[in-house]
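Convention: sequence-line order gives letters A, B, ...; per-chain numbering from 1.
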Amino acid sequence: ETGVTQTPRHLVMGMTNKKSLKCEQHLGHNAMYWYKQSAKKPLELMFVYSLEERVENNSVPSRFSPECPNSSHLFLHLHTLQPEDSALYLCASSQDPPSGRGYNEQFFGPGTRLTVL
Amino acid sequence: QKEVEQDPGPLSVPEGAIVSLNCTYSNSAFQYFMWYRQYSRKGPELLMYTYSSGNKEDGRFTAQVDKSSKYISLFIRDSQPSDSATYLCAMSPIKAAGNKLTFGGGTRVLVKP
């Protein structure tokens, strides 16, 4: 595996279900991110982990619960979601602090397409 | 008002034409400006980045930043059908990771053979 991988790629769940999204990065980075991408809206940053500590939580509802057990893995636990939570959930990783170029290049996974019924 | 504005398109051009994309922003603290390309069913991938104002060229791609106008552009010369994708601008106030990128909504581009 190379780059950033995400599983599952597609997920359909009911409002009462509990599910988890998984992200793994194979780039040796130490910062990981969850984004939500809805149709015709900008990417919304949900959570940032740097050195396995959460450094950003953008007022995300508690029905989304992140977990970062180590610098290579990131999870997003989902429970009692709403239909408006249907979206593409993207994971990204980067190096903290940035090396060389001095900018925050984030490498994205392919995303999990989530549909909440 | 959104921090970063980007026309959603779609922008349809014939093969070989110049594609012109742009974003406007309101936060004068932004220093790093990036363009990401996102193909259907894929995550965004970085195309180009620029620090502060000026131009940067990479092959068929040219990125421009005008901080005085809070306006950035991406030009694609000799466009190909493989350039059909959604293009996202992104910006960051400082270079340390752990700081968020602020994205535009993306412009969908279709290059017709």
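- Using a 4.5 Å cut-off between heavy atoms, B:Tyr36 contacts chain A through its side chain alone, with no backbone atom that close.
- A:Tyr89 and A:Val60 fall within the same hydrophobic cluster, defined by Ile, Leu, Val, Met, Phe, Trp and Tyr side-chain heavy atoms under 4.5 Å apart, directly or through other members.
- Contact of A:Gln6 with chain B is not made at all, since no heavy-atom distance falls under 4.5 Å.
- The environment of B:Lys67 atom NZ is dense: over 12 non-hydrogen atoms of other residues, nucleotides or ligands sit within 6.0 angstrom.
- Contact of B:Gln38 with chain A is made through the side chain alone, with heavy-atom distances under 4.5 Å.
- For a residue to count as touching a neighbouring chain, one of its non-hydrogen atoms must lie under 4.5 Å from one of that chain's; by this rule A:Tyr35 touches chain B with the side chain only.
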Identify each donor-acceptor pair in which a side-chain atom of residues 101-113 of chain B lies under 3.5 Å from a protein atom, sequence neighbours left out, and give them as a table.
unit_1   : atom_1 : unit_2 : atom_2 : d
B:Thr107 : OG1    : B:Gln6 : NE2    : 3.3
B:Thr107 : OG1    : B:Asp7 : O      : 2.4

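- There is no path of hydrophobic side-chain contacts, each under 4.5 Å, that joins A:Met46 to A:Leu90.
- Within 6.0 Å of NZ on B:Lys56 lie more than 12 heavy atoms contributed by other residues, nucleotides or ligands.
- The minimum heavy-atom distance linking B:Pro44 with A:Leu43 is given by the pair CG-CD2, 4.5 Å.
- In this structure, B:Arg41 places its CZ atom where only 12 or fewer heavy-atom neighbours from other residues, nucleotides or ligands lie under 6.0 Å away.
- Scanning residues 107-117 of chain A against chain B with a 4.5 Å heavy-atom cutoff picks out A:Phe108, A:Gly109, A:Pro110, ordered by number.
- With hydrophobic clusters built from ILVMFWY side chains whose heavy atoms lie under 4.5 angstrom apart, B:Phe75 does not share a cluster with B:Val65.
- A distance of 10.0 Å separates CD in B:Glu45 from CD in A:Glu105, rounded to the nearest 0.5 Å.
- Heavy atoms of B:Pro8 lying under 4.5 Å from chain A are absent altogether.
- When the side chains of ILVMFWY residues are joined at heavy-atom separations under 4.5 Å, either directly or via intervening members, B:Tyr51 and B:Leu46 end up in a single hydrophobic cluster.
- Residues B:Tyr32 and B:Met91 are members of separate hydrophobic clusters, defined by side-chain heavy-atom contacts under 4.5 angstrom among Ile, Leu, Val, Met, Phe, Trp and Tyr.
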